[in-house]
Amino acid sequence: MANKYWQTFSKGLIKENPVLRLVLGTCPTLAVTTAAVNGLGMGAAATFVLLCSNIVISLLRKLIPGKVRLPAYIVVIAGFTTIVQMLVKAYLPAIDRSLGIYLPLIVVNCIILGRAEAFAGKNSVGLSALDGLGMGAGFTAALIVMGGIREFLGNGTLFGWPEGGIIPPITIFVLPAGGFFVFGMLIWITNRLSTKLEHKDTRKELTETVCAACPMAGNCHGEGAECHE
Amino acid sequence: MSNTGFFAILIGGLLVNNFVLSQFLGICPFLGVSKKLNSAVGMSAAVIFVMLMATAATHPIYTYLLVPNGLEYLQTIVFILIIAALVQLVEIVLKRFIPPLYQSLGIYLPLITTNCAVLGVTILNIDSGYNFLQSLVNALGAGLGFMLAMVMFAGVRERLESAEIPESLKGLPITLVAASIVSVSFLGFQGLFGL
């Protein structure tokens with residue numbers, strides 16, 4: 001039993017990492033990762049929304065009629081996004097400035113709607129909360145790694161330390177072009193590692209369950225790295 | 001910012017602050033739908049359409065309903081609901097009255113609700129303090145910029161299809177590297193109009 005809970009939590013970290021394996025939530029991943037601390041801020045904000053919306057949607061899963069479930073989910077998610085927005089604005093104004101428009105855009109982050117649809121709408125509250133935490137942690141970890149790489153190469157620092165940087169900055173890495181490049185390289189490395197570690201069949205099975213949950217599914221025709229077979 | 005001319009706003013949205021390549025809004029459709037030129041054009045047309053409609057709806061509601069009542073904090077919830085309702089409405093209207101257009105845009109419409117570019121442009125309009133007309137121009141510029149990026153990138157991807165690429169780079173990684181190079185070219189517009 002404990003095993004089941006642990007699995008629900010841990011799958012978001014590596015095996016089904018929302019950013020690197022499922023390629024969801026790409027917009028904030030690329031946009032805010034110019035510095036590691038921004039990645040942390042965005043990750044924490046999204047994790048909060050993910051956790052809360054998963055809990056509420058799981059509690060309401062028997063009350064929400066199937067036909068209007070997506071609008072209902074969006075309202076719940078938008079509510080928590082607004083709460084996060086107000087909290088960050090009040091207590092962390094510096095983070096609010098650097099995240100800017102991407103903070104309200106958490107509401108259209110497909111990780112959150114995807115988890116609501118794929119998990120929270122079908123599972124118990126406890127499991128949904130763990131799923132939200134795990135996915136949020138995986139999202140945050142990926143953002144910090146990407147922010148760290150871009151900040152180190154583009155600015156010579158890590159979490160703003162040391163002052164002035166230790167290597168000559170390669171500015172392109174904090175520009176949009178560097179974001180695409182680093183993200184591409186990270187996915188490449190993850191793909192390489194996972195094809196070595198995993199059996200192809202399990203990958204395919206994973207892809208099918210996940211793609212069904214993604215709001216973009218009708219559209220991607222097995223486009224993403226995961227949906228490739 | 002509020003005194004910026006219409007032309008500067010249009011070019012700003014189209015080239016300087018290109019939504020996809022400089023601001024990272026609408027990356028999901030950019031990576032998902034840009035494989036074929038037809039679908040890239042169809043999706044972008046639907047996005048431009050919804051962006052204009054959404055701006056026309058959200059701007060007056062924000063200015064005349066939320067601000068006078070001190071409800072600015074409801075912005076996110078109200079805007080996403082308006083966009084979701086609008087997309088549904090557009091779908092129904094097109095299906096009923098303009099079937100040929102529905103056939104070509106229809107499949108893209110449901111995806112637009114969760115497209116961050118649409119919500120992004122409506123929020124940016126408010127944040128930049130644009131008036132109603134400026135907002136519409138900005139939405140048009142942003143939409144055209146989205147289309148430009150999609151169409152350009154569809155061309156790049158068609159070439160990638162026939163290129164020899166190492167196995168593990170195939171698919172998304174090489175697409176992102178190509179997007180990075182396309183994005184470099186848009187750096188050249190930075191500083192135009194001092195925007």
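So you know, we letter chains A, B, ... as the sequences are listed, proteins then strands, and number each from 1. Keep in mind it's a predicted model, so treat the numbers as computed, not measured.
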Is a donor on one side and an acceptor on the other found under 3.5 Å between the side chain of B:Q23 and the backbone of B:N17?
-> yes

Determine whether the side chains of B:T76 and A:T81 contain a donor N or O and an acceptor N or O closer than 3.5 Å.
-> no

Does B:S180 use its side chain to pair, donor to acceptor, with the backbone of A:A177 at less than 3.5 Å?
-> yes

Pair A:T33-A:R150, side-chain donor/acceptor within less than 3.5 Å = yes

B:A84 versus chain A, heavy atoms under 4.5 Å apart: side chain, backbone, both or neither?
-> neither

Based on non-hydrogen pairs under 4.5 Å, which of A:A31, A:G100, A:G25 is most in contact with chain B?
-> A:A31

Please check if any side-chain donor atom of A:N38 sits under 3.5 Å from a side-chain acceptor atom of A:S98, or the reverse.
-> yes

In terms of heavy-atom pairs under 4.5 Å with chain A, which of B:L119, B:V177, B:L169, B:I123 leads?
-> B:L169

Picking from A:I189, A:I101, A:N109, which has the most non-hydrogen pairs under 4.5 angstrom with chain B?
-> A:I101

Which portion of B:L21 sits near chain A, non-hydrogen atoms under 4.5 angstrom | both

B:I174 versus chain A, heavy atoms under 4.5 Å apart: side chain, backbone, both or neither?
-> neither

Please state whether the rings of A:F180 and B:F30 are parallel, tilted or perpendicular, taking 30° and 60° as the class boundaries.
-> tilted

Sort out for me which residue in A:T26, A:I187, A:L186 forms a side-chain contact (heavy atoms from CB on, under 4.5 Å) with B:L176.
-> A:I187

Per-residue tally against chain B (heavy atom, under 4.5 Å) across A:G179, A:P71, A:P176 peaks at A:P176

Contacting region of A:L175 [heavy-atom separation from chain B under 4.5 Å] = side chain

Heavy-atom distances under 4.5 Å only: say whether A:I172 touches chain B with side chain, backbone, both or neither.
-> side chain

